[in-house]
Amino acid sequence: MTQFLQTLFDGVTVGCLYALIALGYTMVYGILKFINFAHSDVFALGVWMSITIAGWMGIGAAGQPTPPLYLALLVLLGTMVTCGAVGFTVERLAYRPLRRAPRLNVLITAIGVSLLLQNLGQRPFMFGPYPRSLPTLVESGTLFTVMGVPVRVSDVAVIGMALVLMTALQILIFRTKFGSAMRAVSFNTRTASLMGINADRVISITFIVGTMLAAAAGFLYGMKYGGQAKQTADSMWVMLGLKAFVAAVVGGIGNVRGAVLGGLLIGLIEFFGVAYLSSQYRDAYVFAILIAVLLLRPEGVLGRATVEKV
Amino acid sequence: MTDPSPAVLDVRDISISFGGLKAVQGFSLRIPPRALYGLIGPNGAGKTTCFNLLTGVYRPDSGTVALDGQRLNGRKPHQIAAAGLSRTFQNIRLFGDLSVFDNVRLGCHLRGSHSISGTVLRTSYHVGQERAIAERTFALLELFGLAGRSFEQARNLPYGDQRRLEIARALATEPKVLLLDEPAAGMNPQEKVELRALIRDVRDRFGLAILLIEHDMGVVMNLCEHITVLNFGETIATGSPEAVQNDPKVVEAYLGTE
Amino acid sequence: MKTLINQARALSPAAWSVIPRALWPVAAGLAVAVLMHAVVGPNVPGFTAKMMLVAGINIILAVSLTVVNGFTGQFSMGHAGFMAVGGYVAASITYYGSIKFFGSADFAGGALSWTGSGPHGGGPLGKGDLLFMGSCLVGGLAAAGAGYIVGLPSLRLRGDYLAIVTLGFGEIVRVLLQGTPDQVQPWRAAEAAETPWYSLMLKLGGPKGFNLLPTYTTLFWVYLFVTITLIVCYRLKNSSTGRAFLSIREDEIASQAMGVDVTRYKVRAFVIASFFAGTAGGLYAMDIGAISASDLGFLKSFECIIMVVLGGMGSISGATLAAIILTALPEILRELPPVWPAGLALLAVMAVVQGAHRRWHPRSLVVVAAVTLVAELGRRYCASQGINLAEYRMILYALLLIVMMISRPQGLLGVREVWEIFGRRARRPGAVASPPGASSGVSP
């Protein structure tokens with residue numbers, strides 16, 4: 001029973017991270033109809049920016065006490081802003097010239113951007129080619145124990161922060177004027193432009209919001225796994241990003257609620273697979289789910305099927 | 001077949017709806033061999049949807065389509081093409097990066113057999129087939145006055161030539177019935193006159209039945225022996241050009257009620 | 001109306017004439033292979049020879065991926081996965097086959113596959129070569145089977161989904177291979193000889209990789225395969241099958257309407273590409289003497305994609321050139337010689353060719369000149385700062401991909417081959433003996 005609860009809890013925590021990353025994929029897909037391959041690298045960038053900013057602020061050096069909460073939030077803010085800027089630049093320079101290009105070309109460009117970010121990040125003048133350990137930003141003590149499952153502060157922070165961000169996004173999309181512009185552009189870019197919506201601006205902001213969410217996920221990841229962050233070109237980042245993408249597809253790509261649902265689903269499947277089947281095939285479970293979903297219900301759990309007009 | 005008169009294409013009562021929209025309702029049509037039929041109607045009447053239903057792009061919710069007595073329902077588009085129903089597209093769908101020649105050669109694809117081993121080993125059958133395809137393609141291009149442009153990319157052709165190339169490509173599949181979706185769209189009056197002659201010539205030469213969608217009344221009334229008028233997915237009139245032209249319902253559909 | 005089939009029969013050449021047409025690719029392959037092995041290999045530095053070998057394997061990978069990504073326009077991102085399947089199967093057959101048949105996992109080939117130092121005593125071919133070749137082909141078939149299994153269900157998916165599924169496939173292959181049990185080490189050959197095949201074949205070394213394989217891969221074998229791959233892909237491209245592939249890329253709906261069984265041709269493309277990727281995997285494993293699934297992850301697939309994209313989506317010669325250039329680039333970048341002579345020479349050649357064809361492309365000349373200038377200035381700067389450009393090659397590739405997609409999305413050559421750049425895109429195929437129309441089936 002304890003094992004079950006523990007797995008459930010871990011699955012939900014990681015699922016929240018996947019959901020945050022998946023939101024970025026799904027928002028970009030919803031509006032531009034292409035897979036932003038570089039999104040996983042923005043996530044990696046988020047982790048590394050947290051380390052760097054914390055370093056600048058002198059947090060986490062050996063022997064230092066855990067910093068107060070507002071400093072941690074400052075790190076989070078800094079990470080989100082820098083990553084948002086990167087997202088904006090990438091969209092502006094690489095994706096905008098391809099607005100009318102075939103989707104395949106945009107996908108290849110995204111692969112190019114991904115490789116670029118990975119390898120730039122490894123240069124000595126950026127983050128360097130070696131793994132680095134993450135500073136402790138939030139106390140890692142156990143908060144309380146439910147039926148033998150220890151609930152740590154970092155877990156609560158992850159889930160809480162994820163909930164806050166997702167709610168904020170939900171409000172942004174469905175309750176604000178900008179949100180309705182976004183939905184209009186996603187539905188039909190050209191018509192939206194004719195209605196006086198500045199589509200380029202909407203797309204830019206969507207990118208920024210998406211990358212900021214990934215950056216937040218990176219920060220939370222850093223908090224939860226206070227161990228080592230691999231170098232930016234390590235395949236683990238792409239793997240994590242891919243799982244988040246799978247979450248977006250499983251939930252129904254282009255659908256914000258679907259991304260959250262898919263994230264939780266993928267987190268749970270992964271952890272239950274590891275706990276009850278075998279940890280060796282950890283990555284295989286996720287892709288097996290992806291293939292099953294694509295074959296049985298290609299539009300995803302909450303998605304809608306589209307028909308090509310002849 | 002219960003009906004005594006032979007029909008090469010026999011469409012009975014096909015319907016389809018998208019969501020709540022009844023795009024086509026109870027569409028029936030019997031085309032005899034070597035006939036030239038027309039399908040007209042205002043924009044959004046469901047004409048192209050009819051073509052898509054016949055060629056298997058969409059599956060009808062109900063009703064049957066039969067070609068030469070073979071039922072086509074539930075078949076995939078390529079199987080329907082193999083059965084002998086070929087089409088052109090309203091918004092031209094040529095293989096733009098390929099040459100004019102290759103576009104028509106692809107149409108010939110259907111009637112050959114193409115094994116990987118034959119292709120890789122260049123068996124005598126494969127070589128003979130490639131030659132036959134090339135000859136047939138040249139003959140078709142010649143007929144359509146496109147032979148001189150054989151090696152240009154299809155996307156670089158003028159609009160009228162692209163329309164004619166689509167017809168040539170469709171003919172290369174050796175169809176029994178040819179569906180033309182707005183063949184005269186975008187053509188100038190001179191080209192339209194030539195197109196009329198060309199379509200008749202194609203019908204006589206290849207001995208096939210033709211069903212065409214057209215907005216240009218000059219072309220339709222001149223060319224077609226029999227016309228069906230659609231409006232809001234329903235057949236509102238059918239008959240000879242004269243009869244249809246004078247049908248009050250048709251006049252109403254085109255001009256609106258007083 | 002005379003049907004195409006009847007017409008084809010009438011135009012078929014005599015049946016016996018198939019023999020030279022079917023066999024000359026093999027002869028050409030052997031000729032190229034012998035040339036590389038006996039003339040080029042011994043006369044270039046050892047390191048260059050090694051690079052040529054790697055380039056050959058990359059050519060096979062790039063050209064085979066062209067069939068899927070270039071011709072058919074499907075986007076496979078799991079090419080390394082197929083390579084891994086083929087490589088592991090070939091490695092397993094060669095390694096355990098050697099133990100079973102020859103008693104040890106040592107090299108048992110002839111002079112053509114001798115990679116050791118000093119001359120090889122025996123004849124050109126040994127018993128091991130047969131095993132090696134057979135295992136590469138079986139590896140190719142296994143990869144083709146995997147291609148079929150992946151292709152059949154997933155090809156119903158739209159382009160970008162397919163990319164993800166193939167990527168997922170590659171990762172699943174990697175994970176599964178890393179989960180295999182330890183290999184039976186060479187010094188326990190006696191034990192291995194008694195273990196049945198089916199259980200031996202699965203002992204693939206897991207995360208440690210499959211090591212201590214006998215090395216058979218030489219320039220001879222690589223270029224034999226390269227030539228055959230090139231000819232097969234070229235023949236496919238210039239045939240009905242190839243046109244069907246291209247038509248799917250151009251417009252899937254029109255292609256269906258013209259009677260092309262789209263799913264079937266996509267699967268065909270996948271199977272063909274996987275087969276060659278599998279043989280390349282075998283050559284790769286028996287070159288290094290080891291194969292490790294962790295080296296064949298999506299980064300390797302990306303490398304293949306970069307080659308295809310740079311060469312031109314659908315150009316066999318383009319992919320070949322890109323494979324050669326990208327293999328050599330890290331080495332060239334390490335100590336970059338002055339760029340301007342090459343740029344100048346290229347400009348001169350282009351000017352002469354364009355002049356001869358009376359088709360001037362001033363933009364292409366300006367682009368080449370500008371690129372040369374920028375490259376030369378960059379080189380001087382890096383040389384003066386002591387920067388090793390080879391470390392920046394992935395960044396260069398990435399930038400190249402992005403710039404290419406924005407400025408020239410069809411790649412360097414597009415669908416054309418090198419020799420078609422200034423000529424017409426397609427030649428009049430086959431000798432049409434009779435005047436058009438006379439014997440054609442078009443007239444009633």
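Residue numbers start from 1 in every chain, and the chains themselves are labelled A, B, ... in the order their sequence lines are given, proteins ahead of strands.
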Is there side-chain contact between [X] and [Y], with at least one heavy-atom pair below 4.5 Å?
X: C:Tyr397; Y: A:Leu115; answer: no
X: C:Ile164; Y: A:Leu290; answer: yes
X: C:Leu167; Y: A:Phe245; answer: no

For the student: nearest non-hydrogen atoms of C:Ile402 and A:Ala94, plus distance: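 Closest heavy-atom pair between C:Ile402 and A:Ala94: CG2-CB, 4.0 Å.
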Could you look at [X] and say if it's the side chain, the backbone, both or neither that has a heavy atom under 4.5 Å from chain A?
X: C:Met404; result: neither
X: C:Ala254; result: neither
X: C:Val175; result: both
X: C:Leu176; result: both

Donor-acceptor contact below 3.5 Å, side chain A:Arg123 vs main chain C:Glu391: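 Pair found, side chain donor or acceptor close to backbone of C:Glu391.
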Verdict with supporting geometry, A:Leu116 and C:Ile395, side chain to side chain contact (heavy atoms under 4.5 Å, CB included): CA-CA 5 Å; A:Leu116 185 67; C:Ile395 296 177; 3.6 Å; yes
Spacing of CE belonging to C:Met77 relative to CD1 belonging to A:Ile111, to within rounding of 0.5 Å: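 Answer rounded to 0.5 Å: 4.0 Å.
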Reported CG-to-CD1 distance for the pair A:Leu93 and C:Ile406, which is rounded to 0.5 angstrom: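 One gets 8.0 Å once the value is rounded to the nearest 0.5 Å.
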